[in-house]
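Structure first, commentary second.
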Amino acid sequence: MDIAKETLTEQVLDAFSETPSPRLREIMTSLVTHLHSFAREVKLTEQEWAVAVQFLKQTGDITTDKRQEFILLSDVLGLSMTVVEINAPKDSRATESTVFGPFFVEGSPEVLNGGTLPGEAPGIPLLISGTVTSVDGSIVPGALIEIWEADQQGRYDVEYLDQGSAGRGHLYSDQTGNYSVWCVKPSYYSIPTDGPVGRLLSSCNRSPMRPAHVHFKVSAPGYKTLVTHIFEKGDPYIDSDAVFGVKDSLVRAFKYHADPAPENSPLAANEWFETEFSPVLQKAES
Ligand code: BEZ
Ligand code: FE
């Protein structure tokens, strides 16, 4: 049978019509429909199609256990944030989520409440404290709070040559829902640019920079896990995040203190910062 131009999309959709899983059938039907109309809309040439195939091959080639170029591609296309938005808590009182990013490491070291993220991440001490609550205002004791951040040079520990752990750890909110932790003031940084995604950004005259932030993953039984960041108010890249992750509700002032940091801070420093972040969790089933 001839695959006439007008009926090609219909024939491809028909080929997927017997897909047993209704969800997979729905996804493939929509994907094919949008892909075909995208190619027709831009009148994709064969050469452009080949460049795209080569780009995806390079994206796969550079991807390893520690480097996920496909996630980075999804991030710079705004797809990751679109998925975050679609799955966002319905309750507007809950803390907003943002991108997960590629630098989370499972099983970070435990920190005592009020303690310091272990390792030697260089930077000026930053004390973060707050209370974990539910959207109804009740406190959430024993919540697992996982934190990771770049140092003052904008580098994560996984990017250090010696691969030691620094700038990451986990702790638990206490019986009153409170927590506090010493970390270092993070810096803005560039997402990795030495792969195909970096070359794409450069071809499109786009900045690879992310504003300074600290990542949080907060989980507690009976609650939806929250993955988010806090961003530093006044950061030069706050309005041009390469991965579109900034939300006004997540921006915090880092209050400066021009005096020696209290004894349990990470570095014997003559200056320090502090900020507040109180995660509000949504119940799992709502
Ligand atoms: C991050 O914040 O760690 C990150 C997020 C998306 C892409 C690259 C880095
Ligand atoms: Fe980050």
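Order of appearance sets the numbers: ligands from 1, and atoms from 1 within every ligand.
- Looking at Phe100 against ligand 1, nothing comes within 4.0 Å, counting heavy atoms.
- Those atoms of ligand 1 that come under 4.0 Å of a heavy atom in Leu72, given as number and element, are 7 (C), 8 (C).
- Excluding waters, the set of protein N/O/S atoms under 2.8 Å from the Fe ion (ligand 2) reads Tyr156 OH, Tyr189 OH, His213 NE2, His215 NE2.
- If you look at Trp148 and Phe100, their ring centroids are closer than 6.0 Å.
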query = Which is it for Glu48 and Thr45 under the side chain to side chain donor-acceptor pair (under 3.5 Å) test, yes or no, and what are the steps along the way?
reply = CA-CA 5 Å; Glu48 288 161 345; Thr45 67; 3.2 Å; yes
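- One finds a salt bridge joining Glu85 and Lys247 here, because a Lys/Arg side-chain nitrogen approaches an Asp/Glu carboxylate oxygen to under 4.0 Å.
- Of the charged side-chain nitrogens involved, none lies within less than 4.0 Å of a carboxylate oxygen, so that Arg199 and Asp194 do not count as a salt-bridged pair.
- Ligand 1 places these atoms under 4.0 Å from at least one heavy atom of Gly101: 4 (C), 5 (C), 6 (C).
- At least one heavy atom of Tyr189 lies less than 4.0 angstrom from ligand 1.
- Of the protein's heavy atoms, Arg210 NH1, 2.5 Å lies nearest to atom 2 (O) of ligand 1.
- Under the 30°/60° scheme for interplanar angles, the aromatic rings of Phe231 and His229 are found to be tilted.
- Exactly one of Ile145, Asp174, Val218, Thr131 qualifies for a side chain to side chain contact (heavy atoms under 4.5 Å, CB included) with Tyr179. That residue is Ile145.
- When all heavy atoms of Leu171 and Ser180 are compared, the closest pair comes out as CD1-O, 3.6 Å.
- Aromatic pair His215/His213: ring centres closer than 6.0 Å.
- Residue-ligand proximity: Trp148 is placed with every non-hydrogen atom at 4.0 Å or more from ligand 1.
- The aromatic rings of Tyr237 and Tyr188 stand perpendicular to each other, their planes meeting at an angle above 60°, with 30° marking the opposite boundary.
- Of all atoms in ligand 1, listed by their number and element, those nearer than 4.0 Å to a heavy atom of His215 are 1 (C), 2 (O), 3 (O).
- At the top of the distance list for atom 6 (C) of ligand 1, counting protein heavy atoms only, stands Asp75 OD2, 3.1 Å.
- Close approach of ligand 1 to Phe103 (heavy-atom distance below 4.0 Å) involves ligand atoms 3 (O), 9 (C).
- When the side chains of ILVMFWY residues are joined at heavy-atom separations under 4.5 Å, either directly or via intervening members, Leu56 and Leu72 end up in a single hydrophobic cluster.
- Among Pro208, Pro211, Pro102, Pro186, the residue whose heavy atom lies nearest to atom 9 (C) of ligand 1 is Pro102.
- Nearest heavy-atom pair, Gly154 versus Tyr189, reported as atom, atom and distance to 0.1 Å: O-CB, 3.1 Å.
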